[in-house]
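Report on one structure; see the data block that follows.
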Amino acid sequence: MEATHTQYLKAMGIQVWVQRAEETTQITVPDIPESIPSQPINIQPEETPINWDTLQQKVATCTACALHSSRTQTVFGIGNQQADLMLIGEAPGADEDAQGEPFVGRAGKLLTAMLYAIDIKRESVYIANVIKCRPPENRNPNTQEMTCCNAFLKQQIALIDPKLIIAVGRIAAHHLLAIETAIGKIRGQCFKYNNIPLIPIYHPAYLLRRPSEKRHAWKDLQFIRQTLTEL
Ligand code: SF4
C-alpha cells in the first residue's frame, strides 16, 4: 500500500519526503469567511426536494441554455451519493462529453492520482461540474450558462450533503464562492458554501501545464486530508 501510494506521488511529480521526528509543522487554518450568498436560479425551484432519478432525468433532457445544442450528452456527475467529500469542477471537456463522466481525460487521471495520494479512492467521493454540457471548443462557461445550470448543482449538493466540498479550479471556486480573487490566493484555504466547508484547489489541467505548481497542490491535498479528519 505504501509503495503504491509513493508511486502515485511520483506520478504526480511530487517529491516524496519524510518528516523528521523532532520537526513539527504548524498548519494554520485561515479564518472562515461568512456564508456565501446563493446564486440566482432560473430553472427548477431547488427548495423542492427531488430524488436522484428525477434529477438525472431533468438534466438529461434539459434545453435551458444554448449548450444543449452542441453537446453529445449531458455529464451529470458520478460517485458515492453518500460521500463525505464532493469535488466540483467547471464543465465537461471533449473526453467527458464523449464518455458522459466528469474528469476522465488526462486531467481526470491526474485528479484521481491526487486523491489516491491522500488515501482517497475516486469511487468513494462524488464528482460533478458546475455545468452539465460541454462548452464548444472547450471555452470557459459564461456566467449566464452557470447561473442557468446552478439549480441542478444545488440539488446534487443537497442530496449528497457532503462534509467538505473541493472546488476544482478557478471557475468553480469563483462560481461557488461568488468572488473573483485569483485562485493562487484562495487555494488551500477553507471557506464556506451554505455552511459546508469548501477548499479551492488548482485544476489538474493547470497542473499539467504548470508542473512546478504541483508542490503547492500537494500542500493543499494534505490540508484537505487533515480537514476531512477533523470534520
Ligand atoms: Fe441545461 Fe445545464 Fe446543459 Fe445548459 S448546461 S442545457 S442549463 S444541463
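Since this is a predicted model, take the numbers as computed values, not measurements. Note that these values count all heavy atoms, side chains included, but never hydrogens, waters or copies made by symmetry. In each ligand, atom 1 is the first atom listed, and ligand 1 is the first ligand listed.
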Check each atom of ligand 1 against the heavy atoms of Cys62 and keep those under 4.0 Å away; list them by number with element.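 Result: 1 (Fe), 6 (S), 7 (S), 8 (S).
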Taking 4.0 angstrom as the limit and counting only heavy atoms of Arg71, give me the atoms of ligand 1 inside it, by number and element.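 The list of qualifying atoms is 3 (Fe), 6 (S).
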Would Trp52 and Tyr126 count as a close aromatic pair, with their ring centres under 6.0 Å?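 Between Trp52 and Tyr126, the centre distance is under 6.0 Å.
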Flag side-chain contact, heavy atom, 4.5 Å: His203 against Ile171: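 They are not in contact (no side-chain heavy atoms under 4.5 Å apart), so the answer is no.
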Do any of the N/O/S atoms of Cys149, backbone or side chain, fall under 2.8 Å from atom 2 (Fe) of ligand 1?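 Looking at Cys149, which is the residue asked about, there is an N, O or S atom under 2.8 Å from atom 2 (Fe) of ligand 1.
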Listed once per pair and sorted, the salt bridge (charged side-chain N to carboxylate O under 4.0 Å, His left out) pairs that draw on residues 134-152, sequence neighbours left out: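 Checked against salt bridge (charged side-chain N to carboxylate O under 4.0 Å, His left out) - neighbours excluded - the pairs reaching residues 134-152 are Arg139-Glu145.
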For a distance under 2.8 Å, tell me if Cys65 has an N/O/S atom near atom 4 (Fe) of ligand 1.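 True for Cys65.
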From CA spacing to verdict: side chain to side chain contact (heavy atoms under 4.5 Å, CB included), His175, Asn150: CA-CA 9 Å; His175 173 73; Asn150 195 50; 2.8 Å; yes
Would you mind telling me if ligand 1 is within reach of the side chain of Glu145, the backbone, both or neither, using heavy atoms under 4.0 Å?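 Answer for Glu145: neither.
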Within the stated cut-off of 2.8 Å, is an N/O/S atom of His68 closer than that to atom 1 (Fe) of ligand 1?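 No N, O or S atom of His68 is closer than 2.8 Å to atom 1 (Fe) of ligand 1, so no.
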Nearest 0.5 Å, please: how far is CE in Met146 from CG in Leu153?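 Leu153 CG to Met146 CE: 11.0 Å, rounded to 0.5 Å.
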